[in-house]
Asker: 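What follows is a structure written as structure tokens; I'll ask about it next.
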Amino acid sequence: MKIVLIGYMGSGKSSIGRRLSEVVGNDFIDLDVEIETSEGTSISEIFQKKGEIYFRKKEAQVLQEVIAREQPAIIASGGGTPCYGRVMDDLLENPNVITVYLKCSVDTLTERLFPEREHRPVIAHLQTEELLNDFIRKHLFERSFYYSRASHIITCDGIDEKEVVEKILFALF
Ligand code: S3P
């Protein structure tokens, strides 16, 4: 079984995924790291040198590869992964995959992402917290259509990572 965490940048997919994998004793796979390893460079460099369309194709392909691995695992997807092509359909149609949306409010995401936006090519150009907040509001609205199709939706505002993990465990087991 693969548990795939989806959600906007800054929703905690990687840190929650790591914690969850420790509790359930499964491997943890960070899709962004797998892509970086496969390409031998950073996500920002891939965006800069090869463009976003290349990146989106690559992330869908790497996701398929990690899902096809035999061992059970918790997978942290990238924020845009389920929002392109047939990715979300494929995840939902796969009987060996459980999708979990880590849902955070626009304000929570803005607060978390503003200090670290330089490393994230999609939001690196946004110079003020207000601009970032406006951007996330629109972008999240578009992406929510995909995220909300997840089998489980976990609201993460105002609770710490340990509590988010507990909520996921309660929902899944
Ligand atoms: C992206 C999110 C990033 C990474 C890339 C694009 C997005 O992953 O895949 O920068 O489009 O939301 P995280 O959500 O892990 O930051």
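Because only heavy atoms are used, hydrogens play no part in the values below, and waters and symmetry mates are left out as well, while side chains stay in.
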Asker: With rounding to the nearest 0.5 angstrom, report the CZ to OG distance, Arg143 to Ser148.
Answerer: 13.0 Å
Asker: Is a side-chain N or O of Ser44 found less than 3.5 angstrom from the main chain of Pro121, in a donor-acceptor match?
Answerer: no
Asker: Is it the case that one hydrophobic cluster holds both Leu109 and Leu132, taking links as side-chain heavy atoms less than 4.5 Å apart, direct or via other members?
Answerer: yes
Asker: Write down the atom of Ile154, the atom of Val164, and the distance for their closest heavy-atom approach.
Answerer: CG2-CG1, 4.2 Å
Asker: For the CD atom of Glu36 and the CD atom of Glu45, what is their distance to the nearest 0.5 Å?
Answerer: 10.0 Å
Asker: Can you check side-chain contact (heavy atoms from CB on, under 4.5 Å) on Asp107 and Arg137, steps first, answer last?
Answerer: CA-CA 9 Å; Asp107 289 345; Arg137 193 171 304 282; 4.0 Å; yes
Asker: Would you mind listing every ring-ring contact (aromatic ring centres under 6.0 Å, His included) that reaches into residues 49-74, with sequence neighbours excluded?
Answerer: Phe47-Phe55
Asker: Enumerate the salt bridge (Lys or Arg N to Asp or Glu O under 4.0 Å) contacts for residues 1-18, please, sequence neighbours excluded, ordered by first and then second residue.
Answerer: none
Asker: Taking the side chain as every heavy atom from C-beta outward, state whether Val122 and Phe135 have any atom pair closer than 4.5 Å.
Answerer: yes
Asker: Restricting to salt bridge (Lys or Arg N to Asp or Glu O under 4.0 Å), what partner residues turn up for Glu161, sequence neighbours left out?
Answerer: Arg19
Asker: Considering only residues two or more places apart or on different chains, which pairs with a residue in residues 56-79 satisfy ring-ring contact (aromatic ring centres under 6.0 Å, His included)?
Answerer: none
Asker: Could I get the full list of salt bridge (Lys or Arg N to Asp or Glu O under 4.0 Å) partners for Glu34, not counting sequence neighbours?
Answerer: Arg69
Asker: Rounded to the nearest 0.5 Å, what separation is found between the CG atom of Asn133 and the NZ atom of Lys138?
Answerer: 10.5 Å
Asker: Taking the cut-offs as 6.0 angstrom to the six-membered ring centre and 45 degrees off its axis, would you call Arg117 and Phe114 a cation-pi pair?
Answerer: yes
Asker: Does some side-chain heavy atom of Lys58 sit less than 4.5 Å from a side-chain heavy atom of Ile46?
Answerer: no
Asker: Who pairs with Glu116 by salt bridge (Lys or Arg N to Asp or Glu O under 4.0 Å), at least two apart in sequence or on another chain?
Answerer: Arg120
Asker: Just distance, no hydrogens or angles: give the donor-acceptor pairs under 3.5 Å from side chains in residues 166-173, sequence neighbours left out.
Answerer:
unit_1 : atom_1 : unit_2 : atom_2 : d
Lys167 : NZ     : Thr155 : O      : 2.7

Asker: Take Arg112 and Cys104 through the test side-chain contact (heavy atoms from CB on, under 4.5 Å) and record every step on the way to the result.
Answerer: CA-CA 11 Å; Arg112 290 185 191 168; Cys104 296; 3.9 Å; yes
Asker: Can you list, by chain and residue number, the hydrophobic cluster partners of Val33 when the side-chain cut-off is 4.5 Å?
Answerer: none
Asker: Is there a side-chain contact between Thr110 and Glu129, using heavy atoms and a 4.5 Å cut-off?
Answerer: yes
Asker: Does the side chain of Gln61 reach to within under 4.5 Å of the side chain of Gln64, using non-hydrogen atoms?
Answerer: no
Asker: Taking only residues two or more places apart in sequence or in another chain, which ones pass salt bridge (Lys or Arg N to Asp or Glu O under 4.0 Å) with Glu163?
Answerer: none
Asker: Between atom OH of Tyr147 and atom OG of Ser77, what is the distance when rounded to the nearest 0.5 Å?
Answerer: 7.5 Å
Asker: Is there a chain of hydrophobic side chains (I, L, V, M, F, W, Y, each step under 4.5 Å between heavy atoms) that links Ile29 to Leu102?
Answerer: no
Asker: Report whether Ile67 and Tyr101 are members of the same hydrophobic cluster (ILVMFWY, side-chain heavy atoms less than 4.5 Å apart, transitive linking).
Answerer: yes
Asker: Please, which pairs that meet ring-ring contact (aromatic ring centres under 6.0 Å, His included) have at least one residue in residues 15-37, sequence neighbours excluded?
Answerer: none
Asker: Quick one: are Val4 and Leu31 in side-chain contact, heavy atoms under 4.5 Å?
Answerer: no
Asker: To the nearest 0.5 Å, what is the distance between CG (Asp32) and CD1 (Ile43)?
Answerer: 4.0 Å
Asker: Are the side chains of Leu126 and Ile136 in contact, using a 4.5 Å heavy-atom criterion?
Answerer: no
Asker: With heavy-atom distances below 4.5 Å as the criterion, would you say the side chains of Tyr8 and Leu113 are in contact?
Answerer: yes
Asker: Taking only residues two or more places apart in sequence or in another chain, which ones pass side-chain hydrogen bond (donor to acceptor under 3.5 Å, both in side chains) with Ser14?
Answerer: Asp30
Asker: Are Ile123 and Ile6 co-members of a hydrophobic cluster defined by side-chain heavy atoms under 4.5 Å apart?
Answerer: yes
Asker: Which heavy atom of Gln127 sits nearest a heavy atom of Ala124, and at what distance?
Answerer: NE2-O, 4.2 Å
Asker: Donor-acceptor pairs are to be reported for all side-chain atoms of residues 78-86 against protein atoms at under 3.5 Å, with residues two or more places apart or in another chain.
Answerer:
unit_1 : atom_1 : unit_2 : atom_2 : d
Thr81  : OG1    : Glu59  : OE1    : 2.9
Thr81  : OG1    : Gly78  : N      : 2.8
Thr81  : OG1    : Gly78  : O      : 2.9
Tyr84  : OH     : Glu52  : OE2    : 3.4
Arg86  : NE     : Asp90  : OD1    : 3.4
Arg86  : NH2    : Asp90  : OD1    : 3.1
Arg86  : NH2    : Glu93  : OE1    : 3.1
Arg86  : NH2    : Glu93  : OE2    : 3.3

Asker: Between atom CD1 of Ile98 and atom CG of Leu92, what is the distance when rounded to the nearest 0.5 Å?
Answerer: 12.0 Å
Asker: In terms of hydrophobic clusters joined by side-chain contacts under 4.5 Å, are Ile75 and Val87 together?
Answerer: yes
